[in-house]
Number of protein chains: 2
Amino acid sequence: MFYAGGMNNDVHAIVDEQLRRARQRYTGGRRQLVQLLIDAGRPVTIPELQEIGARQSQSSLYRNLATLEQCGAVRRLASTDDVARYELTEELSEHHHHLLCSSCGRLEDVVLPPRIERALAEAAEEARRQTDFDVDSHRFELVGTCATCN
Amino acid sequence: MFYAGGMNNDVHAIVDEQLRRARQRYTGGRRQLVQLLIDAGRPVTIPELQEIGARQSQSSLYRNLATLEQCGAVRRLASTDDVARYELTEELSEHHHHLLCSSCGRLEDVVLPPRIERALAEAAEEARRQTDFDVDSHRFELVGTCATCN
DNA sequence: CTCCGTGCAAACTTTTTGCAACGGG
DNA sequence: CCCGTTGCAAAAAGTTTGCACGGAG
């Protein structure tokens, strides 16, 4: 099965290219970070990255994630707890939205059927007309309680 | 024109009742805070509250906002910068969504027409079926660039 | 040889907390 | 009086930065 940018084998090649464009290197640490983000399948925190085996100092984690964010490979998210979470950009993953646990701040990915995505896009278009913001994307979040906090 | 809970005159009375239920007092500082949130008309940060005339110490701002959050009068939001923003809950304001400036983290309120709200509710219902999260609400955010950052 | 990337420790920002004083009911 | 509330200062939590070393090109 194919979907744009979703095949793990390709992800590293794309990130390599993205970094190259920004005149930066795809080091071992950065590669491992990208692999951990692929494996996680949801936005993860710095402590979580350390738990699942990131073998680099905390400052390198911050710096590498910032670098990957600047080159367009990673997106940084703020949740309800004040711990940043990181995920691959949609260029490297599948278009998705998030479930947010209002108790612990955990985020999970959710993929919606095309019919719903069309409705959301339509809603965004309507909303854009009502504002002087220069709107370029939208986010849809489901807020609730995760399995752990339940 | 009437809409549930939206009349400023009533807001203070409702907050008073909410605090009373939580066995806490509606002090002058808290009342001023609620009035500032009404006037702001969008989620504001602690520094912004100080700029617009909140006359209490920073620690009291944090504590009073936490108290108001616990009793259901205020909602705390995380944005892209790592500064918390506060707004009145929808019980005290109008149902709305947010515009998010990806450059500075500023949030603005936006009210969508009922037709769009129905589509969003439908999308949320569909999404809820796809997860083990106990979903109880949804958020729709328009991401873009605000007038100042433009 | 030259930089970029790294680890460590210190600095910085935002938020929380301890403590003593204040004040309304 | 009693106990919730406040201000101040210190502490805590998360993130960023300075610096010196090491390794890749």
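Letters A, B, ... mirror the listed sequences (proteins, then strands); counts begin at 1. Computed from a predicted model, the values in this text were never measured in an experiment. Atoms considered below: every heavy atom in the structure, side chains included; atoms not considered: hydrogens, waters and symmetry mates.
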So, with a heavy-atom separation below 4.0 Å from DNA chain D, the residues of residues 20-28 of chain A are none
Residues at least two apart in sequence or cross-chain that pass side chain to side chain contact (heavy atoms under 4.5 Å, CB included) with B:Leu36, listed by chain then number, are B:Gln32, B:Leu49, B:Ile52, B:Ala54
To the nearest angstrom, the CG-P distance between B:Asn64 and C:dT15 comes to 15 Å
Between CG of A:Leu61 and P of C:dG7 the distance, given in whole Å, is 8 Å
Whole-Å distance, B:Leu68 CG to D:dT5 C1', equals 13 Å
* Between B:Glu87 and B:Arg85, is there a salt bridge with N-O shorter than 4.0 Å? -> no
Residue pairs meeting side-chain hydrogen bond (donor to acceptor under 3.5 Å, both in side chains), one or both in residues 137-147 of chain A, sequence neighbours left out, come to A:Arg139-B:Glu141, A:Glu141-B:Arg139
Residue set satisfying side chain to side chain contact (heavy atoms under 4.5 Å, CB included) with B:Ala73, at least two apart, ordered chain then number -> B:Val15, B:Gln18, B:Leu68, B:Cys71, B:Leu92
Please list, pair by pair, any protein nitrogen or oxygen found under 3.5 Å from a nitrogen or oxygen in nucleotides 11-17 of chain D.
residue : atom : partner : partner atom : Å
D:dG14  : O3'  : A:Asp82 : O            : 3.4
D:dT15  : OP1  : A:Ala84 : N            : 2.9
D:dT15  : OP2  : A:Tyr62 : OH           : 2.4
D:dT15  : O5'  : A:Tyr62 : OH           : 3.1

By side chain to side chain contact (heavy atoms under 4.5 Å, CB included), B:Ser60 pairs with (sequence neighbours left out) B:Gln56, B:Ser57, B:Asn64
Rounded to whole Å, CD of A:Gln50 lies from P of C:dG7 at a distance of 11 Å
Residues pairing under ring-ring contact (aromatic ring centres under 6.0 Å, His included) where one sits in residues 56-83 of chain A, two or more places apart or in two chains, turn out to be none
A:Leu33 CG to C:dG5 P, in whole Å, measures 14 Å
Residues passing the side chain to side chain contact (heavy atoms under 4.5 Å, CB included) test with B:Arg129, sequence neighbours excluded, are B:Glu125, B:Glu126
For residues 70-95 of chain B, the ring-ring contact (aromatic ring centres under 6.0 Å, His included) pairs (sequence neighbours left out) are B:His95-B:His97
Separation of C:dG25 atom P from B:Leu19 atom CG, nearest Å, is 14 Å
